[in-house]
Amino acid sequence: MPESNRLLEPILDWYAGNARDLPWRAPGASPWSILVSEIMLQQTPVVRVLPVWTEWMERWPTPASLARESPGEAVRHWGRLGYPRRALNLHACARAITERHGGEVPTGHDALLALPGVGEYTAAAVASFAFKGRHAVLDTNVRRVLARAVSGQEYPPKATTPPERRLAASLLPDADRAPVWAVAVMELGALVCTARAARCADCPISDLCAWRLAGKPAHDGPARRGQTYAGTDRQCRGRLLAVLRQAHGAVPKDALDVVWDDAPQRERALDGLVTDGLAEVLDDGTYRLPG
DNA sequence: CAAGCGTGGGC
DNA sequence: TGCCCAAGCTT
């Protein structure tokens, strides 16, 4: 028997009084709406997801309704959420679900994992939140809470490690409480145990937290990230795709050329968009979202 | 497996 | 102001 989880009750109690009222957590939220929310939330803050998710749910309330559209429509209505390949992934999910799963989001972790754009985290999240399965749900929030509370480190490793998975698995409560435990730890990381300026005064497990008890030592080791954005291919792709999104119909190449000066980089980025299925070249040399 | 992939907001 | 970060996935 694993040692009992002393974090469980304080975190569940805290969640009961502090959970945000997010629409994909409503009792009637469909598995599809939860899957859409999880893909949209990958690397993207809740406040930016909310309006897009709402529009998508009105427009495409079921996998079948999205599957009937062209992939380009998904990209267009993705707006400025970022990482637009996720729109293609969701469109491909919709088609896979209608073709292989009778139009219903699959309930099992493995079947979810086989869907495009669904990785270890998203499969566990949907299996847990939509179908009330018992899974360790390890997102950046949970990893940070466990790193601090249990391991005494300010930040988790850059990539998820086997010890982290073992720890998360060992903390899983019984099947009845596993889903709420998963969402509660995530919420604690999102609202209290934040990456910067952790609000330890509001934390329900501050008296158990190894990191706080150690005096909140600063992260040792190299700086964790260093990605500039200005001038990158990513920025260029974003500019080009914005033109295609806002135009309805084909766009002459001139209209793309004007948004980025560096021609070789622009061509490379445009080729990349086509390769990735985010844009199409027509016979007359014009460009558009994928049809 | 490290790198690439968007975008906007907070400090 | 620039840097860091936000419910990751894929190759």
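Protein chains get the first letters and strands the later ones, always in sequence-line order, with residue 1 at the start of each.
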*Kindly say whether, by distance alone, the side chain of A/Arg85 makes a donor-acceptor pair under 3.5 Å with the base of C/dT10?*
no

*Check: A/Arg234 side chain, B/dG4 base, donor-acceptor under 3.5 Å*: no

*asked:* Below 4.0 angstrom, which residues in residues 124-143 of chain A have at least one non-hydrogen atom near DNA chain C?
replied: A/Asp139, A/Thr140, A/Asn141

_Ion pair A/Glu69/A/Arg76, N-O distance below 4.0 Å_ = no

_Please list, in numerical order, the residues of residues 236-270 of chain A that have a heavy atom closer than 4.0 Å to any atom of DNA chain C._
none

*What closest approach, in Å, do A/Ala94 and A/Pro63 show between heavy atoms, and which atom pair accounts for it?*
CB-O, 3.3 Å

*Which heavy atom in A/Ser151 sits nearest to a heavy atom in A/Ala210, and how many Å separate them?*
C-CB, 4.4 Å

_Residues, nucleotides or ligands: over 12 heavy atoms within 6.0 Å of A/Glu55 CD_ = yes

*Starting at CZ of A/Arg80 and ending at P of B/dG6, how long is that distance when rounded to a whole Å?*
12 Å

*Atom C1', compared across B/dC1 and B/dC5: separation rounded to whole Å*: 16 Å

*Does the side chain of A/Thr44 get closer than 4.0 angstrom to OP1 or OP2 of C/dA7 through an N or O atom?*
no

*Write down the distance between CG (A/Leu112) and P (C/dA7), rounded to a whole number of angstrom.*
21 Å

_For the P atoms, the ones on B/dA2 and on C/dA7, what distance do you get once it is rounded to whole angstrom?_
22 Å

*Using a cut-off of 4.0 Å on non-hydrogen atoms, how would the nucleic acid contact of A/Leu81 be classed: base, sugar-phosphate, or nothing?*
base

*Does a donor on one side chain sit under 3.5 Å from an acceptor on the other, for A/Asn89 and A/Arg86?*
no

*Taking for each residue the nucleotide of DNA chain C bearing the nearest heavy atom, is the 5' side occupied by A/Gly117 or by A/Arg144?*
A/Arg144

*When you measure from the side chain of A/Thr122, which nucleotide among C/dA7, C/dG8, B/dG6 comes out closest?*
C/dG8

*Test side-chain contact (heavy atoms from CB on, under 4.5 Å) on A/Trp14 and A/Leu191 and set out the steps.*
CA-CA 11 Å; A/Trp14 172 87; A/Leu191 298 183; 4.2 Å; yes

*asked:* Counting the atoms with a prime plus P, OP1 and OP2 as sugar-phosphate, which does A/Leu22 contact under 4.0 Å by heavy atoms, base, sugar-phosphate, or nothing?
replied: base

*Does atom CG of A/Asp261 have more than 12 heavy-atom neighbours, drawn from other residues, nucleotides or ligands, at distances under 6.0 Å?*
no

*With a 4.0 Å cut-off on heavy atoms, is A/Trp78 in touch with a base, just the backbone sugar-phosphate, or nothing at all?*
nothing

*Given that A/Asp276 and A/Val47 both sit by DNA chain B, which one's nearest nucleotide is further toward the 5' end?*
A/Asp276

*Are any of A/Gln43's side-chain N or O atoms less than 4.0 Å away from OP1 or OP2 of C/dG8?*
yes

*Of A/Glu38 and A/Pro116, the one whose closest DNA chain C nucleotide lies more 5'*: A/Glu38

*Out of A/Trp56, A/Trp60, A/Trp53, which one pairs with A/His77 under the ring pair (Phe, Tyr, Trp, His ring centres under 6.0 Å) rule?*
A/Trp60

_Can you give me the closest heavy-atom contact between A/Met40 and A/Val52, atom names plus distance?_
CE-CG1, 3.7 Å

*Contact class for A/Thr232 vs. all strands (heavy atom < 4.0 Å): base, sugar-phosphate, or nothing?*
nothing

*How close or far is atom P of C/dA7 from atom OH of A/Tyr83, stated in whole angstroms?*
13 Å

_Could you tell me how far B/dG6 sits from C/dT1 if I compare only their P atoms? Round to whole Å._
27 Å

Identify the pairs formed between an N or O of the protein and an N or O of nucleotides 1-3 of chain B at a distance under 3.5 Å, and give each distance.
none

*Please say whether more than 12 non-hydrogen atoms of neighbouring residues, nucleotides or ligands are located less than 6.0 Å from CD in A/Glu267.*
yes

*For A/Lys158 and B/dG4, what is the distance between atoms NZ and P respectively, to the nearest whole Å?*
13 Å

*Can A/Asp271 and A/Arg268 be counted as an ion pair, charged N to O under 4.0 angstrom?*
no

_So, taking the atom named OG1 in A/Thr286 and the one named CG in A/Asp254, what distance separates them when rounded to the nearest 0.5 Å?_
11.5 Å

*Could you check which of C/dA6, C/dA7, B/dT7 has an atom nearest any side-chain atom of A/Arg48?*
B/dT7

*Could you grab the distance from atom CH2 of A/Trp32 to atom OG1 of A/Thr62, nearest 0.5 Å is fine?*
8.0 Å

